[in-house]
2 protein chains.
Amino acid sequence: MIADPGSENVAQADTRANGAAAALRPLRADAAKNRERILEAAEATFTAEGVSAPIDAVAQRAGVGVGTVYRHFPTKEALFEAIVTTRLDELCKTTRELAEGEAPGEVLFSFLREFGRQASAKQDLFDAMDAAGLDIKSTCAASVDELTRGIDLLLERAKAAGAVREDVATGEVMALIVGACHSKQDDLVCQRMVEIVCDGIRGPTLATR
Amino acid sequence: MIADPGSENVAQADTRANGAAAALRPLRADAAKNRERILEAAEATFTAEGVSAPIDAVAQRAGVGVGTVYRHFPTKEALFEAIVTTRLDELCKTTRELAEGEAPGEVLFSFLREFGRQASAKQDLFDAMDAAGLDIKSTCAASVDELTRGIDLLLERAKAAGAVREDVATGEVMALIVGACHSKQDDLVCQRMVEIVCDGIRGPTLATR
DNA sequence: GACTATACGGAACTAGCGTTCCGTTTGTCA
DNA sequence: TGACAAACGGAACGCTAGTTCCGTATAGTC
């Protein structure tokens, strides 16, 4: 179940409606239901097959025609963004909730575990991060930026508490976690890799550097 | 310059020649030169643009027609494999050379640095590892397996010397390095990420675990 | 120099996928 | 219940990229 980023039951993406004047007209009941179905089907499809899955597959899973998909989302990219933005925003919320925690080191590490869990379960998240690194023009960029700021806060606090070495950057940590969880391995293996990364960014090791 | 994995100047891939009987006939001089050109162009193209670069781009860079490319390599995949196999085999050779080294810990880490350097410079290598994780039927799989065994040896020695914790697996290390270097960042950032991974697999940290 | 197997070039074919178009259906409201 | 705007379905279009085909060119040989 995916919530609209903005208000509900509003034909935000319907570019085929009568221009800008109709932009805020409420959706008809069947249209609202279909929009929801499409979002759910798209999430399931992209999660399972990655962003390269064809729109037809999404439409079929949602039980609608492709035309209906395009009525709600003007391009495939727009559909993708609607999903990923939601997911990124949820992760953002998690950083804000965690930021209040008392042990900044453990706060950071448990967030990174959650981040890894999501990146490994949802192929599309990885794809989104990937795309964000390549071209910034995507609408997801705003959400990625906000998430980056959220993680940055957790990281700075952990550094201040001495739980993490000073010389790691937020982008590096994000790239490491996402990269680790990209090679579709067992969830267990992903968890272990995340732990290795966490250990890597802790304070100095016993071994000679 | 890419060497053929097997013998030289042999029409190994020319499926359009007169069947199996002609399989080992020496290539004509111009054909041998073109084959070499195609391999070089393909390496440059895939390195720069990833595996999704069209065959036309390779042909154009090589200064030949697409038909000529297909005369030498029956599919795009075959061309890709010819290149990646060569690169993987070189990395394998590196593991064997390093295996003789005296400080197993440093041996492993310097190999991982080299591995990361290659993965970050050559997008195609990443793609190859990616594909290998998904479907094993590819011919690259043999080379990936051999490389895995080579790294496994280095890792076991490093463990035996106490330079690396016992609970990391070869596949994890490989996935971490490749993953870290995938998100096309600066070379410098990649190096830093590799160092973080190296630290992560060293012995226990000073921080509480 | 002539002959032939080998190799070449690139137009044409094929397949997949994003997107559009338009005739048909349906929810909503008077 | 009838009218109409809103929404639907899916065939059709256009583009990209992999692969094939065949007429032409040429290296190698006698």
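Throughout, a chain's letter reflects where its sequence line sits, starting with A, and its residues are numbered from 1. Worth knowing before you read on, the calculation uses all heavy atoms, side chains too, and leaves out hydrogens, waters and symmetry mates.
Taking the side chain of B:A31 as heavy atoms from C-beta on, and the options C:dG18, C:dA7, D:dG18, the nearest nucleotide is C:dA7. In this structure, the nucleotide among C:dC8, C:dG9, C:dG18 sitting nearest to the side chain of B:V64 is C:dG9. Here D:dA7 is the nucleotide among D:dA7, C:dT20, D:dT19 with the atom lying nearest to any side-chain atom of A:R71. Picking from C:dT19, C:dA7, D:dT19 the nucleotide with the shortest atom distance to the side chain of B:V66 gives D:dT19. The side chain of A:T68 lies closest to D:dG9, out of D:dG9, C:dC8, D:dG18. When the nucleotides D:dT20, D:dC8, D:dG18 are ranked by their closest atom to the side chain of A:H72, D:dC8 comes out on top.
If you measure from atom CZ of B:R35 to atom P of C:dT6, you get 17 Å, rounded to the nearest angstrom. One atom, CD of A:Q60, and another, P of C:dG16, lie 15 Å apart when rounded to the nearest Å. Regarding B:I55, its CD1 atom lies at a distance of 16 Å from the C1' atom of C:dC8, rounded to whole Å. If you measure from atom OH of B:Y70 to atom P of D:dT19, you get 4 Å, rounded to the nearest angstrom. Across the protein-nucleic acid pair, B:D56 atom CG and C:dT14 atom P stand 18 Å apart, rounded to whole Å. Here C:dT26 presents its C1' atom at 11 Å from NZ of A:K33, a figure rounded to the nearest Å. Summarising the geometry, the separation between CD on A:E36 and C1' on D:dC8 is reported as 18 Å, rounded to the nearest angstrom. Across the protein-nucleic acid pair, A:I38 atom CD1 and C:dG18 atom P stand 15 Å apart, rounded to whole Å.
Crowding of B:E97 atom CD: a count of heavy atoms from other residues, nucleotides or ligands under 6.0 Å exceeding 12. More than 12 heavy atoms of other residues, nucleotides or ligands shown are found within 6.0 angstrom of CD on A:E156.
Nearest approach of B:I83 to B:A42, heavy atoms of both residues: CD1-CB, 3.3 Å. Shortest non-hydrogen contact noted between A:A99 and A:R157 is O-NH1, 2.6 Å. Of all the heavy atoms in B:G105 and B:A163, the pair that sits closest is CA-CB, 3.5 Å. When all heavy atoms of A:A53 and A:T45 are compared, the closest pair comes out as CB-CG2, 3.6 Å.
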Distances under 3.5 Å between nitrogen or oxygen atoms of protein and nucleotides 28-30 of chain D:
from: D:dG28; atom 1: OP1; to: B:A29; atom 2: N; distance (Å): 3.3

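Annotation: side chain of B:Y70 is in contact with side chain of B:I55 (closest heavy-atom distance under 4.5 Å).
A:N34 comes within contact range of the sugar-phosphate backbone alone, with a heavy-atom separation under 4.0 Å but no base atom that close.
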